[in-house]
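Quick one: the structure is below, and I'll ask about it shortly.
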Amino acid sequence: MGSLELNESKCNGGQEVSLLDAQLELYWNTFAVIKSMALKSALDLRIADAVHRHGGAATLAEIAGEVALHPSKIPCLRRLMRALTVSGVFAVAVKPGDGGGGEPVYELTPSSRLLVGSSNLSGIMSMILHPTLVVPFLGVGEWLRRDREPPEEDPCIFKQAHGRSLWELAGRDAAFDALINDGMVSDSRVIMDYVVREHGDVFRGIASLVDLAGGLGAAAQAISEAFPEVRCSVMDLGHVVAKAPAGIDVEYIAGDMFESVPPADAVFLKWVLHDWGDDDCIKILKNCKKAIPPRDKGGKVIIIDIVVGAGPSDQKHREVQALFDMYIMLVNGIERDEQEWKKVFVEAGFSGYKIMPILGFRSMIEVYP
């Protein structure tokens, strides 16, 4: 009987492997939430900072001491670090021991190095993983089942979960507003340092630039510091501008981009248009077009956003673009492919555009009046 079972197993081996691979795929996707929560725990405990303070490599005991964990929690910390190493956030090596064994030493990777230092992504990662922004996704199925209400009454999934839109909550809750602003600042500092260093030509030849819906102005500050000849300003809502830093060479303007845009040679929009549907994007872009000079005088709109399908074609880039498109459903936004971008540019009255897939999963787009 044992021999017969073995033969049957061999005969059906291909089918069994296929079933187990399919099972693995489902568990791998289901447990992606645990992967995210492991990263959130590392952010909450500031584990990357702890490793960084030890020269980029630290034992469990050293990490536990830095983040003030009770010794009884070290075995569970080991399990957390194992999850973070298999996901690539940290690396692990073995520290030689006197008895021939070894103690694991956890090291920073290129990813976790982006969580430390004066310019880091901790803020944006903490924002994305904050419960206020995670909870709405538990209701996506319910939201999809809803009968479509008039557009002005159809709540986004964030409003379905919290009773207010993200922007309304940020206007009422100072702590949540700070979370959003800190997240945007952290992303802007990292990506704009790269942009002005590697692709600064996009800002040459312009005398003035307005960073539209630019929050606390991290992007405008990076441009102003790299190109002091460019007069930079930031326009955002009043409650945002009220928290703007003082003593920097950037002007802050309280206003509503749906009403008007301050005049400038160029309008800069980083991660703004993906928050809005086509009709609202067209309104914003029409106001941008009114604010800039003609194309032959150097007028242009500069956009940093995702262009779905542009950039590297590997699985990780494509998956991040697709997941961002679902994520921005949070506010009834959309990540657009080239044809969808072209549609809003044309309907807003622009004559041309150039997509530059130079920012990883995001692109830079120049749009010309």
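What you see is a predicted model; the values in this text were computed from it and never measured.
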Audit row: Val261, Val210, side chain to side chain contact (heavy atoms under 4.5 Å, CB included) steps and yes/no: CA-CA 8 Å; Val261 173; Val210 58; 4.1 Å; yes

Given side chain to side chain contact (heavy atoms under 4.5 Å, CB included), test Phe227 with Ile206 step by step and report yes or no. CA-CA 10 Å; Phe227 304 97; Ile206 59 175; over 6 Å; no

Distance-only side-chain donor-acceptor flag, Tyr368 / Glu366, under 3.5 Å: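 Distance-only check passes for Tyr368 and Glu366.
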
Could you give the distance from CG (Leu144) to CD (Glu142), rounded to the nearest 0.5 Å?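 Going from the CG atom of Leu144 to the CD atom of Glu142 covers 10.0 Å.
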
same_hphob_cluster(Ile180, Met125) at 4.5 Å side-chain heavy-atom cutoff: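 Yes, one cluster joins them.
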
Just wondering, do Trp341 and Val307 contact through their side chains at under 4.5 Å, heavy atoms?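 Val307 vs Trp341: side chains touch.
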
Report, as yes or no, whether the 6.0 Å neighbourhood of atom CZ on Arg197 holds more than 12 heavy atoms from other residues, nucleotides or ligands.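 For Arg197, atom CZ is crowded (more than 12 foreign heavy atoms under 6.0 Å).
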
Ignoring hydrogens, what is the shortest heavy-atom contact between Gly360 and Pro312? Give both atom names and the distance.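 Looks like O-CD, 3.6 Å.
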
What do you reckon, is CZ of Phe31 surrounded by more than 12 foreign heavy atoms closer than 6.0 Å?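 Counting neighbours around CZ of Phe31, 12 or fewer heavy atoms of other residues, nucleotides or ligands fall under 6.0 Å, so no.
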
Look up atom SG in Cys232 and atom CD1 in Ile223, then write down how far apart they are to the nearest 0.5 Å.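 Nearest 0.5 Å value for the SG-CD1 distance: 5.5 Å.
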
Hey, what do you get for CZ (Phe268) to OG (Ser233), rounding to the nearest 0.5 Å?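 Reported to 0.5 Å precision, the distance equals 12.5 Å.
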
Within a reach of under 6.0 Å around NZ of Lys73, are more than 12 heavy atoms found that belong to other residues, nucleotides or ligands?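 12 or below, so no.
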
I'd like to know if the side chain of His54 and the backbone of Gly56 have a donor-acceptor N/O pair within less than 3.5 Å.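 A pair under 3.5 Å: no.
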
Mark yes or no for whether Glu229, through its side chain, and Gly205, through its backbone, hold a donor-acceptor pair below 3.5 Å.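 Answer holds: no.
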
Between atom CD1 of Ile304 and atom CZ of Arg362, what is the distance when rounded to the nearest 0.5 Å?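 Between Ile304 CD1 and Arg362 CZ, I get 7.0 Å after rounding to 0.5 Å.
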
Kindly indicate whether the side chain of Met81, heavy atoms from C-beta on, has any atom under 4.5 Å from the side chain of Pro104.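 Not touching, per the 4.5 Å side-chain cut-off.
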
Counting only N and O atoms by type, is there a donor-acceptor contact under 3.5 Å from the side chain of Ser111 to the main-chain atoms of Val89?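 No, the answer is negative, given that no donor and acceptor are paired below the 3.5 Å cut-off.
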
Electrostatic pair Lys300-Asp265, nearest N-O below 4.0 angstrom: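 So Lys300 does not pair with Asp265 through a salt bridge.
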
Looking at residues at least two apart in the chain, or sitting in another chain, which of them share a ring pair (Phe, Tyr, Trp, His ring centres under 6.0 Å) with His52?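 For His52 there are no ring pair (Phe, Tyr, Trp, His ring centres under 6.0 Å) partners, ignoring immediate neighbours.
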
Between Lys40 and Asp44, is a salt bridge (Lys or Arg N to Asp or Glu O under 4.0 Å) present by the stated rule, with each step listed? CA-CA 6 Å; Lys40 183 181 186 306; Asp44 291 345; 2.8 Å; yes

Are any side-chain N or O atoms of Asp177 and backbone N or O atoms of Asp173, one a donor and one an acceptor, separated by less than 3.5 Å?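 No, Asp177 side chain to Asp173 backbone: no donor-acceptor pair under 3.5 Å.
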
Output, in order, the C-alpha distance, side-chain angles, deciding distance and verdict of side chain to side chain contact (heavy atoms under 4.5 Å, CB included) for Leu114 and Asn120. CA-CA 5 Å; Leu114 281 176; Asn120 67 69; 5.9 Å; no

Atom CG of residue position Asp279 - does it have more than 12 heavy atoms of other residues, nucleotides or ligands inside 6.0 Å?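 No, because the 6.0 Å sphere around CG of Asp279 holds 12 heavy atoms or fewer from other groups.
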
Determine, using ring centers only, whether Phe324 and Trp271 are less than 6.0 Å apart.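 Ring centres of Phe324 and Trp271 closer than 6.0 Å.
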
Provide the closest heavy-atom pair for Leu330 versus Pro136 in the form atom of the first, atom of the second, distance.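 The answer is CD1-CB, 3.7 Å.
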
Between Phe90 and Tyr106, is the gap from one ring center to the other below 6.0 Å?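 No, ring centres 6.0 Å or more apart.
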
Matching residue for Ile284 among Leu273, Val301, Val267 - test: side chain to side chain contact (heavy atoms under 4.5 Å, CB included):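 Output: one option passes, namely Leu273.
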
In this structure, would Leu209 and Met257 fall into the same cluster of hydrophobic residues linked by side-chain contacts under 4.5 Å?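 No: no chain of side-chain contacts under 4.5 Å links Leu209 to Met257.
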
Under 3.5 Å, side chain of Trp143 to main-chain N/O of Ala161, donor-acceptor pair present?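 No: the side chain of Trp143 does not pair with the backbone of Ala161.
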
Can you tell me how far CG of Asp49 sits from CD1 of Ile47, rounded to the nearest 0.5 angstrom?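 Going from the CD1 atom of Ile47 to the CG atom of Asp49 covers 10.5 Å.
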
So which heavy atom on Leu39 is nearest to which on Leu115, and how close?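 Taking every non-hydrogen atom into account, CD1-CD1, 4.3 Å.
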
So, Arg189 and Asp193, do they make that salt bridge, N to O below 4.0 Å?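 Salt bridge between Arg189 and Asp193, a charged N being under 4.0 Å from a carboxylate O: no.
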
Between atom CG of Leu121 and atom CE of Met127, what is the distance when rounded to the nearest 0.5 Å?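 The CG atom of Leu121 sits 11.5 Å away from the CE atom of Met127.
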
Do Arg82 and Val92 come within less than 4.5 Å of each other through their side chains, counting heavy atoms only?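 No, every pair of side-chain atoms sits at 4.5 Å or beyond.
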
Check whether any side-chain heavy atom of Val202 lies under 4.5 Å from a side-chain heavy atom of Ile302, and answer yes or no.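 A side-chain contact exists here, since the closest heavy-atom pair is under 4.5 Å.
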
Checking the side chain of Glu168 only, and the main-chain atoms of Ser165 only, is there a donor and an acceptor separated by less than 3.5 Å?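 Such a contact is found between Glu168 side chain and Ser165 backbone.
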
Just wondering, do Thr59 and Ile63 contact through their side chains at under 4.5 Å, heavy atoms?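 When only atoms from C-beta onward are counted, Thr59 and Ile63 do not touch, as no gap falls below 4.5 Å.
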
Beyond-backbone contact of Asp325 with Leu323, side-chain heavy atoms, under 4.5 angstrom: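 Contact flag for Asp325/Leu323 side chains = no.
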
Check whether more than 12 heavy atoms from other residues, nucleotides or ligands sit under 6.0 Å from atom CG of Asp256, and answer yes or no.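 Result for CG/Asp256: enclosed.
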
Is any NZ, NE, NH1 or NH2 atom of the basic residue among Lys270 and Asp187 found under 4.0 Å from an Asp or Glu carboxylate oxygen of the other?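 Judged by the 4.0 Å cut-off on N to carboxylate O distance, Lys270 and Asp187 do form a salt bridge.
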
Hey, does Ile248 have a side-chain heavy atom less than 4.5 Å from the side chain of Ser224?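 Answer no - side chains too far apart.
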
May I ask you to decide if His274's main-chain N or O and Glu335's side chain share a donor-acceptor pair within less than 3.5 Å?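 Looks like no, no N/O pair under 3.5 Å.
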
Any idea which heavy atoms bring Pro357 and Gly311 closest together, and the distance?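 Scanning both residues, the minimum pair turns out to be CB-N, 3.5 Å.
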
Write down the atom of Thr109, the atom of Gly88, and the distance for their closest heavy-atom approach.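 The answer is OG1-O, 3.1 Å.
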
Would you say CE of Met326 has more than 12 non-hydrogen atoms from neighbouring residues, nucleotides or ligands within 6.0 angstrom?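 Not more than 12 within 6.0 Å, no.
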
Assign the ring pair Trp167 / Trp276 to parallel, tilted or perpendicular, where the plane angle (0 to 90°) is split at 30° and 60°.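 The arrangement is parallel - the two ring planes meet at less than 30°.
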
Is the backbone of Gly215 close enough, under 3.5 Å, to the side chain of Asp236 for a donor and an acceptor to pair up by distance?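 A pair under 3.5 Å: yes.
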
Carefully, step by step, assess Asp182 and Ile124 under the rule side chain to side chain contact (heavy atoms under 4.5 Å, CB included). CA-CA 7 Å; Asp182 290 348; Ile124 187 68; over 6 Å; no

What do the steps show when you test Asp278 against Arg336 for salt bridge (Lys or Arg N to Asp or Glu O under 4.0 Å), and what is the final call? CA-CA 10 Å; Asp278 287 358; Arg336 297 172 171 87; 3.0 Å; yes

Common cluster, Ile355/Leu359, ILVMFWY with side-chain heavy-atom separation under 4.5 Å: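 No, Ile355 and Leu359 fall in different hydrophobic clusters.
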
Please find the pair of heavy atoms, one from Thr132 and one from His162, that lie closest to each other, and give the distance.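 In this case the closest contact between Thr132 and His162 is O-NE2, 2.8 Å.
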
Pair Lys343 + Glu347, salt bridge at N-O below 4.0 Å: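 Yes, Lys343 and Glu347 are salt-bridged.
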
For Arg295, look at atom CZ and say whether over 12 heavy atoms of other residues, nucleotides or ligands are found less than 6.0 Å away.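 Atom CZ in Arg295 is packed in, count exceeds 12.
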
With a 4.5 Å limit on heavy-atom distance, are the side chains of Leu129 and Leu43 in contact?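 Result yes, sub-4.5 Å side-chain heavy-atom pair found.
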
I'd like to know whether CZ of Arg318 has more than 12 heavy-atom contacts from other residues, nucleotides or ligands below 6.0 angstrom.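 Yes - once you tally the heavy atoms of other residues, nucleotides and ligands closer than 6.0 Å, there are more than 12.
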
So if you build clusters from Ile, Leu, Val, Met, Phe, Trp, Tyr with side-chain heavy-atom gaps below 4.5 Å, do Ile306 and Val344 land together?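 Linked within one cluster.
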
